[in-house]
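Lettering follows sequence order; numbering is per chain, from 1.
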Amino acid sequence: MTQSTVAAAGDEPAYRYNAKLASDIEERWQDYWRTHATFEAPNPVGSLKGEVSEAKHSFIMDMFPYPSGSGLHVGHPLGYIATDVYGRFQRMNGYTVLHTLGYDAFGLPAEQHAVATGEHPRASTERAIEIYRRQLNRLGLAHDPRRSIETIDPEYYRWTQWIFLQIFNSWYDPARGGARPISELIEQFAAGTRPTPDGRAWAELSAVERDEVLGEYRLAYAKEVSVNWCPGLGTVLANEEVTADGRSERGNFPVFKSKLRQWMMRITAYGDRLISDLDLLDWPEAIKLQQRNWIGRSEGARVEFAVEGGKITVFTTRPDTLFGATYMVLAPEHELVTSIVPAAWPEGTPEPWRGGAATPAEAVEAYRAMAAAKSDVDRQMDAKTKTGVFTGAYAVNPVSGESIPVFIADYVLMGYGTGAIMAVPAHDLRDFAFARAFGLPIRCVVKPTDGRGEDPASWDEAFVAYDAVLVNSANAEVSLDGLGVVEAKAAITKWLEGKGIGEGTVNYRLRDWLFSRQRYWGEPFPIVYDEDGAMHALPESMLPVEVPEVEDYSPRTFDAQDAASEPETPLSRNADWVDVDLDLGDGRGVRRYRRETNTMPNWAGSCWYELRYVDPDNAVDLVDPANERYWMGPTAHKRAGGVDLYIGGAEHAVLHLLYARFWHKVLFDLGYVSSKEPFHKLFNQGMITADVYRDDRGFPVPAGEVEERDGAYFWQGAAVTREAGKMGKSLKNSVSPDEFCAEYGADTLRVYELSMGPLEVSKPWDTKAVAGSIRFLQRLWRNVVDEETGALRVVEDEPDLATARATHQAVAGVQEDVAGLRFNTAVAKLIVLNNHLTKLERVPRSSAEALVLAVAPFAPHLAEELWSRLGHEGSLAYAPFPQADPRFLVADEVTCVIQVQGKVRDKIQVAPDITDEALKELALATEGAQRALDGRGVRTVIVRAPKLVNIVPA
RNA sequence: GCCCCGGUAGCCCAACUGGCAGAACGGCAACGGAUUCAAAACCCGUACAGUGUGGGUUCGAAUCCCACCCGGGGCACCA
């Protein structure tokens, strides 16, 4: 970092606010806060019981960090500083504030470090947490340290496992629209009020068979599913962790489809509520939109098509175009494929449909193999050319009675809808491309509105529109001809329902959440299997299931391209841990069990941490209901309840935020929490970027050592290029908060970061610009304390009118800005007031005190010091935030602009409460207006008293 | 390709529901002065942009509408 000109001077006044003095002050007040437990937040009940304000309370949260070994850079704490300022502000406004920070500590980097060095992930993680704690403490964050949790703490993850068990032991009851205990479902099966799938009595089913049945209902279930297998990482991944181009978000390895038995969370059951409850939240629209898109709700219909030996059910959003369905397509993996394939090609099967195979079975086999070998990347790249083969089977179009061929093609995805479609090539772009490629008939059933005519043979692409009328769509029983798309949908859906071959339905893009990972450093599942293979949840008393010690931390990783490889869990290699004798307390006594060896994804710990902040050492409950209700319960302002303010990066829009909402809703359904949503107000802070300098090879050079000469940049004498980039180790442009604090102090960092610009936008770090922030604090110090003698400079005189106005205006502005999270403008207003006071001969105490209090959330250490020098006992953390007196907010004269036809022609001074009529009179009489009117008459006069009059000439 | 968000002085940024033909307040950098043996710091002062481009609505547009350009983000064969 460049040498600070401010701090470097040798013989400066003894009481100048410089880095050294700032450090002294900061350390002293941090000690004070710690020893006086200033920021410990009371709970209504339990171990942290204390005096709480019933009406005014505020739960403020940051997205907790995953502590990396390299520590923080100055870009990281921006959000933490913002929440801290807001929290301090709220305290001064009489709120009981809960603000703490925990650590998301299970995760891949520590495990990779362990594989590389042999050091236990817990050791490296805890060391990293210590570094973070120290760095963050240095910033003077007003956290309640008692509530800080770590997700790797067995006392924490016992509850993560406990919640898993609640989810496992629940099912989603569509009739009630919520989760219910699985025991209630078992009762229904046992009593026969709900039939088993194959009609046998519940008692006749084996334990494993019952597992299978219940697995179709449980909100957490293990099933053989098509998953994202990432050989390069040696683990499977959730959809949300795979990028659009089919690679792992972490590590950027190729991802393949693979069928594996994995744990899933039935988040799809909550699709509807996850969308509709967004309306109750105060979140950025962009994030809500992303969640809505990710969940992807679409309304349509399920339609059955008869096929030799069965039926194919499709989902379509365009049932109105059913008369135009000229063929069908199944996903290659569709389970029906094998059963519908005939022994030989039907007479007259065109050559291109056969895929060069002698029989349909061979064609299907070959195509399936090819599709399975494709990674999502390939699939993506091939999206333009449609491939597929004919299955040899024909289905019957239920409205036209026509026989239509059934294909398999990889443009139909198994994971969406039913994995089968009716193809309407005339009105779907993809079906059109496929039909053209395979010479399939195209029938127009929606009259084109773009003048292209009704003969698809002349078209270049499908006609897709909702604002159009149906044609060629009638049979003996139903006619859609002449109906608009919307009416036609309703009509045909009704007809299908009447015939019992279809129904209106809603489909979601969202898939169930793949919840197991083949990793070491994660929460083990509290699940064991008996010798028959039946699944058992461990009783609560056996929690936590601790992460066992192992010899070797590494998952088995493979060649990144090896799609045929299969995962192997690190925990499975530890026989002593895997095979155990347990008495599950189910009356069966001690038996031999095998443990589940997958671990949970690192999202698990962050799905509920807000609840543990509320009641961090409750040994009986996840969270005491009274404490949860107090901090998170619904109120008039937050209808769904939840944390009052949650600040973090936008990158978690669909991962953490969706998962956490889902868990919270399950807990709500089961009655453990009173809030429907975990986070009421969400705010995304922008990133702090930094200049990156590269040498002629393109490698980054240490940014701190670059010199600027005449607009060009040099490192060690050689010219380098400059660009904007993220701040980080790899780009050699990191600035650590430690070095910054040593050179300027924590208060300067806080003020600088918040004054850079709006919290939500990205902005570039500029070390040179920091001088402005420390000068501000220096001037503030000087306004109160004599630099030479250390004596107090304030006087007891009443402020003059201009000073009183400046003070009250600043205070009012800061109050409003901070409440609206506009910290940059709040700082500007504080600087304006400070500059005003700087110009005075004598600084009146009342103004100085108001300024000190108003600045306190931003530069708390300096403010505490000045407050105490001003003669106050103790901390100002709970001193009331200054209130503006409205009398000083209005000027006794304002400038009124007189416009003629929108152009300013004159200005007059008027009283702020002047009436429209009087102002109009005055304005018309002004010389400027008269000159501009130049004798013309007046058509209208627009009066916006007291600031503007606009005269419109005739 | 589709969907969001944003483009104001050299730079970062302000401007409430459209209201000073013309952009504050603030900060950095620049310039001048004062101070100093000299410099730094401190203090005082100065200059610099007509709001990405082109249309439109309006008495009046940075603010509303349309098209385009640039930058950032999300989604991407989802039937």
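At whole-Å resolution of the value, CD1 in A:Ile421 and C1' in B:C77 are 10 Å apart. Taking atom CG of A:Asn507 as the reference point, atom C1' of B:A79 lies 9 Å away to the nearest angstrom. When the C1' atom of B:C42 is taken as reference, atom CG of A:Asn18 falls 14 Å away, rounded to whole Å. As a whole-Å value, the separation of A:Arg318 CZ from B:A79 C1' is 11 Å. As a whole-Å value, the separation of A:Gln290 CD from B:C5 P is 12 Å. Note: CD (A:Glu788) to P (B:C43) measures 14 Å, nearest angstrom. Rounded to a whole Å, the OH atom of A:Tyr15 is 25 Å from the P atom of B:A41. Between A:Ile295 atom CD1 and B:C3 atom C1' the separation is 16 Å, expressed in whole Å.
In this structure, the side chains of A:Val751 and A:Phe776 come closer than 4.5 Å at one or more pairs of heavy atoms. Here the side chains of A:Arg779 and A:Asn835 are in contact, with some heavy-atom distance below 4.5 Å. Contact check for A:Leu496 versus A:Glu503: no side-chain heavy atoms found under the 4.5 Å cut-off. The closest side-chain heavy-atom distance from A:Asp431 to A:Thr326 is not below 4.5 Å.
B:A38: no Watson-Crick or G-U partner with both key distances under 3.5 Å is found in any strand. Base-pair partner of B:G71: B:C5 (Watson-Crick or G-U wobble, both distances under 3.5 Å). Pairing of B:A30, defined by two Watson-Crick or G-U wobble distances under 3.5 Å, is identified with B:U46. Pairing for B:A21 is absent, judged as Watson-Crick or G-U wobble with the two contacts each under 3.5 Å.
The side chain of A:Ile942 has B:G19 as its nearest neighbour among B:G19, B:C20, B:A79. When the nucleotides B:C25, B:C20, B:A41 are ranked by their closest atom to the side chain of A:Ala828, B:C25 comes out on top. Nearest nucleotide to the side chain of A:Gln899, out of B:A76, B:A79, B:C20: B:C20. When distances run from any side-chain atom of A:Trp294 to the nucleotides B:A79, B:C75, B:C4, the shortest one goes to B:C75. The side chain of A:Arg782 has B:C42 as its nearest neighbour among B:C42, B:G19, B:A79. Of all nucleotides listed (B:C3, B:A79, B:G27), B:A79 comes nearest to the side chain of A:Ser298. Of the candidates B:G26, B:G19, B:A79, the closest approach to any side-chain atom of A:Arg944 belongs to B:G19. Taking the side chain of A:Phe315 as heavy atoms from C-beta on, and the options B:A79, B:C44, B:G27, the nearest nucleotide is B:A79. When each of B:G27, B:C3, B:A79 is scored by its nearest atom to the side-chain atoms of A:Tyr416, the top-ranked nucleotide is B:A79. With distances taken from any side-chain atom of A:Arg775 to the nucleotides B:C42, B:A79, B:C20, the minimum falls on B:C42.
Cation-pi geometry between A:Arg16 and A:Trp781 is not met: the NZ or CZ atom fails to fall both under 6.0 Å from the ring centre and inside 45° of the normal.
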Handout entry: B/S/- contact track for nucleotides 7-16 of chain B, protein heavy atom under 4.0 Å
Key = -----SSS--
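As judged by a 4.0 angstrom heavy-atom cut-off over every strand, A:Val654 is placed among residues making no nucleic acid contact. At a threshold of 4.0 angstrom between heavy atoms, the contacts of A:Arg292 with the nucleic acid are absent. Residue-level contact check: A:Thr940 touches neither bases nor backbone, having no heavy atom under 4.0 Å from any strand. Residue contacts shown for A:Asp431 are absent, as no nucleic acid heavy atom lies under 4.0 Å away. Counting non-hydrogen atoms under 4.0 angstrom, A:Ile831 reaches the backbone sugars and phosphates but no base.
Annotation: B:A49 and B:C65 have their P atoms spaced 30 Å apart (nearest Å). Atom C1' of B:A14 sits at a distance of 13 Å from the matching atom of B:A9, rounded to the whole Å. Rounded to a whole angstrom, the distance from the C1' atom of B:G6 to that of B:A79 is 34 Å. The P atoms of B:A15 and B:A62 are separated by 16 Å, rounded to the nearest whole Å. Spacing of C1' atoms, B:G55 relative to B:C69, comes out at 15 Å, to the nearest Å. Spacing of C1' atoms, B:C16 relative to B:C25, comes out at 15 Å, to the nearest Å. As rounded to the nearest Å, B:U8 and B:G50 have C1' atoms that lie 9 Å from one another. If you take atom P in B:C64 and the same atom in B:U51, they sit 15 Å apart, rounded to whole Å.
Here A:Leu682 contributes atom CG and A:Ile287 contributes atom CD1; the two are 6.0 Å apart, rounded to the nearest 0.5 Å. Interatomic distance, CG of A:Leu948 versus NZ of A:Lys907, reported as 11.5 Å (0.5 Å rounding).
Ring pair A:Phe434/A:Phe407: centre-to-centre distance below 6.0 Å. A distance below 6.0 Å separates the ring centres of A:Trp765 and A:Tyr752.
Contact check on A:Arg297 versus A:Glu299 returns a salt bridge, with a Lys/Arg side-chain nitrogen under 4.0 Å from an Asp/Glu carboxylate oxygen.
Applying the 90° cutoff around 0 to the glycosidic angle, B:G50 is assigned syn.
Within the structure, a side-chain polar atom (N or O) of A:Asn835 is placed less than 4.0 Å from OP1 or OP2 of B:G27. Between A:Arg509 and B:A79, a side-chain N or O to OP1/OP2 separation shorter than 4.0 Å is absent.
Judged by distance alone, with hydrogens and angles left aside, the side-chain atoms of A:Lys386 form no donor-acceptor pair with the main-chain N or O of A:Phe432 at under 3.5 Å.
Ranked by how close their nearest RNA chain B nucleotide is to the 5' end, A:Lys386 and A:Val897 are led by A:Val897.
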